[in-house]
Amino acid sequence: HHGFPVTMSGDMFGYDFGEGAYLHEDASEADKRSSDDKKGYYQGYYAMLLCRVTLGAVQILQKPDADAHLRVGPDKDFDSTVGSYGDGHSGVGMLRREFVVTERSQIYPEYVIINDYI
């Protein structure tokens, strides 16, 4: 009813592309950023969400811009940000993209994936 809480995202790893919810197309990147439940029922387990995300008009950034969110939202030029890291051609790291949205109604969680490590 109220949508996804976008304020929960980015706190641990910073806001390279401004404030908002950070999502990844690569599950291994999302897995790196997950943490286990320190106490409680899911202690020792890690979780990630598989979500549908509506991007709308996208601003594409090739380098970090902490003020990117100032150009995103209702009555702004863009609805979301896609930030790219790395270079898939030079051998200096893999190309990875982060998708950043500022409106909770843009995110629809579909599945929760819970795992542990042996």
Side-chain angles (χ1 to χ4, degrees):
H1 178 261
H2 296 288
F4 189 86
V6 294
T7 56
M8 290 177 60
S9 181
D11 290 346
M12 293 174 58
F13 295 93
Y15 297 99
D16 286 347
F17 298 103
E19 296 174 5
Y22 281 66
L23 302 109
H24 301 272
E25 62 189 341
D26 182 354
S28 66
E29 187 63 33
D31 183 55
K32 285 184 213 172
R33 294 177 179 226
S34 69
S35 60
D36 72 323
D37 186 10
K38 300 300 180 205
K39 49 188 162 184
Y41 187 78
Y42 290 102
Q43 184 175 3
Y45 290 93
Y46 296 77
M48 74 175 93
L49 296 173
L50 179 62
C51 302
R52 283 185 200 227
V53 181
T54 57
L55 298 176
V58 179
Q59 71 172 322
I60 299 172
L61 302 176
Q62 302 297 321
K63 59 183 181 179
D65 179 353
D67 293 327
H69 65 281
L70 299 176
R71 297 180 297 278
V72 175
D75 301 321
K76 303 281 175 80
D77 291 336
F78 302 103
D79 300 307
S80 64
T81 301
V82 174
S84 297
Y85 283 110
D87 180 353
H89 302 291
S90 70
V92 185
M94 266 177 67
L95 177 65
R96 76 178 167 96
R97 298 186 301 177
E98 293 185 331
F99 301 84
V100 186
V101 296
T102 58
E103 297 294 316
R104 58 185 4 188
S105 61
Q106 291 176 266
I107 305 170
Y108 181 78
E110 291 207 67
Y111 298 97
V112 176
I113 302 165
I114 299 173
N115 65 298
D116 65 347
Y117 295 98
I118 298 174

Quiz item: Which residues satisfy the ring pair (Phe, Tyr, Trp, His ring centres under 6.0 Å) test with F78, sequence neighbours excluded?
Solution: none
Practice problem: Determine whether D79 and L55 make a side-chain contact, defined as any pair of heavy atoms from C-beta on separated by less than 4.5 Å. | Solution: no
Quiz prompt | Residue pair T81 / Q59, side-chain donor-acceptor N/O under 3.5 Å | solution = yes
Practice problem: Of all the heavy-atom pairs spanning A21 and I107, show the shortest one and how long it is. | Solution: CB-CD1, 3.5 Å
Quiz item: Do you see a donor-acceptor pair shorter than 3.5 Å between the side chains of Y117 and D31?
Solution: yes
Quiz item: Checking H69 side chain against E19 main chain: does a donor-acceptor pair fall under 3.5 Å?
Solution: yes
Exercise. Check the pair L23, C51 against side chain to side chain contact (heavy atoms under 4.5 Å, CB included), reporting the backbone distance first and the verdict last.
Key: CA-CA 9 Å; L23 302 109; C51 302; 4.3 Å; yes
Self-check item: Residue pair M48 / A27: nearest heavy atoms and the distance that separates them
Solution: CE-O, 3.8 Å
Quiz prompt | K38: partners by side chain to side chain donor-acceptor pair (under 3.5 Å), with sequence neighbours left out | solution = D36
Practice problem: Examine L49 and Y42 and state if one hydrophobic cluster contains both, with Ile, Leu, Val, Met, Phe, Trp and Tyr joined whenever side-chain heavy atoms are less than 4.5 Å apart. | Solution: yes
Exercise. Using modelled atom types only, decide if a donor and an acceptor are shared between the side chain of E25 and the backbone of F99 within a distance under 3.5 Å.
Key: no
Self-check item: Single-linkage hydrophobic cluster L50~Y22, side-chain heavy atoms < 4.5 angstrom
Solution: no
Quiz prompt | Linked, directly or transitively: Y111 and I114 (ILVMFWY side chains, under 4.5 Å) | solution = no
Quiz item: Looking at side-chain heavy atoms only, is the closest gap between R52 and P109 below 4.5 Å?
Solution: no
Quiz item: Taking C-beta and beyond as the side chain, do H24 and R96 meet within less than 4.5 Å on heavy atoms?
Solution: yes
Exercise. Only counting residues at least two apart or in another chain, list the ones meeting side chain to side chain donor-acceptor pair (under 3.5 Å) with S80.
Key: none
Self-check item: Verify same cluster id: V72, V58 (apolar side-chain graph, 4.5 Å)
Solution: no
Exercise. Output, in order, the C-alpha distance, side-chain angles, deciding distance and verdict of salt bridge (charged side-chain N to carboxylate O under 4.0 Å, His left out) for D65 and R71.
Key: CA-CA 11 Å; D65 179 353; R71 297 180 297 278; 2.6 Å; yes
Practice problem: Following the transitive rule for hydrophobic clusters with a side-chain heavy-atom cut-off under 4.5 Å over Ile, Leu, Val, Met, Phe, Trp and Tyr, establish whether L70 and I60 coincide in one cluster. | Solution: no
Quiz prompt | Exercise: identify the closest heavy-atom pair between P64 and F17 | solution = CA-CE2, 3.7 Å
Self-check item: Test log, rule side chain to side chain contact (heavy atoms under 4.5 Å, CB included), inputs D116 and Y46
Solution: CA-CA 6 Å; D116 65 347; Y46 296 77; 5.6 Å; no
